[in-house]
> 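Structure incoming, see below.
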Amino acid sequence: MHRLTRNRAPGPAKAPEIDAANRLDPAGQEIRPLSVRISAAVKMTGIGRSKLYELIQEGAIDIVKIGSSTLIPIESLERLLECVATTTMAG
């Protein structure tokens with residue numbers, strides 16, 4: 001006995017994730033994003049997702065809520081890393 005299956009139309013295609021560091025405008029100039037989502041911030045910093053949420057809760061990382069999206073300003077991540085680097089060097 002053969003099993004019958006229906007041919008299903010594929011779901012909507014996901015847009016490929018673009019590396020935040022490799023965006024170029026038509027003239028070939030780098031375009032730096034102003035903010036990133038949580039998943040991108042985790043990849044960019046190497047900080048775990050749970051620790052990132054802890055830092056947000058402590059106020060060490062700023063967030064911007066737009067609808068249900070949580071965005072982290074790149075400037076906030078840079079500030080955090082500079083602060084940690086300065087503390088590590090001084091300590």
Side-chain angles (χ1 to χ4, degrees):
M1 183 182 281
H2 294 283
R3 185 175 176 165
L4 298 176
T5 58
R6 287 191 275 174
N7 291 331
R8 294 185 185 177
K14 275 188 156 181
E17 191 168 314
I18 298 172
D19 182 7
N22 291 327
R23 294 184 181 183
L24 301 177
D25 69 5
Q29 299 293 317
E30 179 184 2
I31 300 174
R32 288 192 47 183
L34 298 174
S35 63
V36 292
R37 293 179 185 262
I38 298 289
S39 59
V42 167
K43 290 176 187 175
M44 290 170 67
T45 62
I47 297 172
R49 190 177 189 86
S50 296
K51 183 62 177 179
L52 194 70
Y53 278 112
E54 283 179 30
L55 292 167
I56 291 168
Q57 195 68 29
E58 293 169 6
I61 297 176
D62 299 325
I63 62 167
V64 176
K65 290 289 284 184
I66 299 177
S68 62
S69 296
T70 301
L71 301 174
I72 300 177
I74 295 290
E75 186 178 278
S76 180
L77 295 174
E78 290 171 343
R79 198 171 42 244
L80 172 76
L81 296 177
E82 287 171 9
C83 180
V84 171
T86 303
T87 304
T88 304
M89 291 175 134

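Atoms considered below: every heavy atom in the structure, side chains included; atoms not considered: hydrogens, waters and symmetry mates.
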> What pairs of residues pass the salt bridge (charged side-chain N to carboxylate O under 4.0 Å, His left out) test when at least one of them lies in residues 63-73, not counting sequence neighbours?
none

> I need the minimum non-hydrogen distance between Leu77 and Ala41, along with the two atoms involved.
CD1-CB, 3.9 Å

> Taking it one step at a time, do Ile47 and Leu80 satisfy side chain to side chain contact (heavy atoms under 4.5 Å, CB included)?
CA-CA 11 Å; Ile47 297 172; Leu80 172 76; 3.9 Å; yes

> Looking at OG1 of Thr86 and CG of Leu81, how far apart are the two atoms once the value is rounded to the nearest 0.5 Å?
10.5 Å

> With the side chain counted from C-beta on, respond yes when Asp62 and Arg79 share a heavy-atom pair under 4.5 Å apart, and no when they do not.
yes

> Not counting sequence neighbours, which residues clear side-chain contact (heavy atoms from CB on, under 4.5 Å) with Ser69? List them please.
Arg37

> Sequence neighbours excluded and cut-off under 3.5 Å, please list the side-chain donor-acceptor pairs for residues 49-59, or say none.
none

> So, using side-chain contact (heavy atoms from CB on, under 4.5 Å) as the criterion, who are the partners of Ile66 when residues are at least two apart?
Val64, Leu71

> Is there a side-chain contact between Met44 and Ile74, using heavy atoms and a 4.5 Å cut-off?
yes

> Measuring from atom CD of Glu30 to atom CG of Leu24, what distance do you get when rounded to the nearest 0.5 angstrom?
7.5 Å

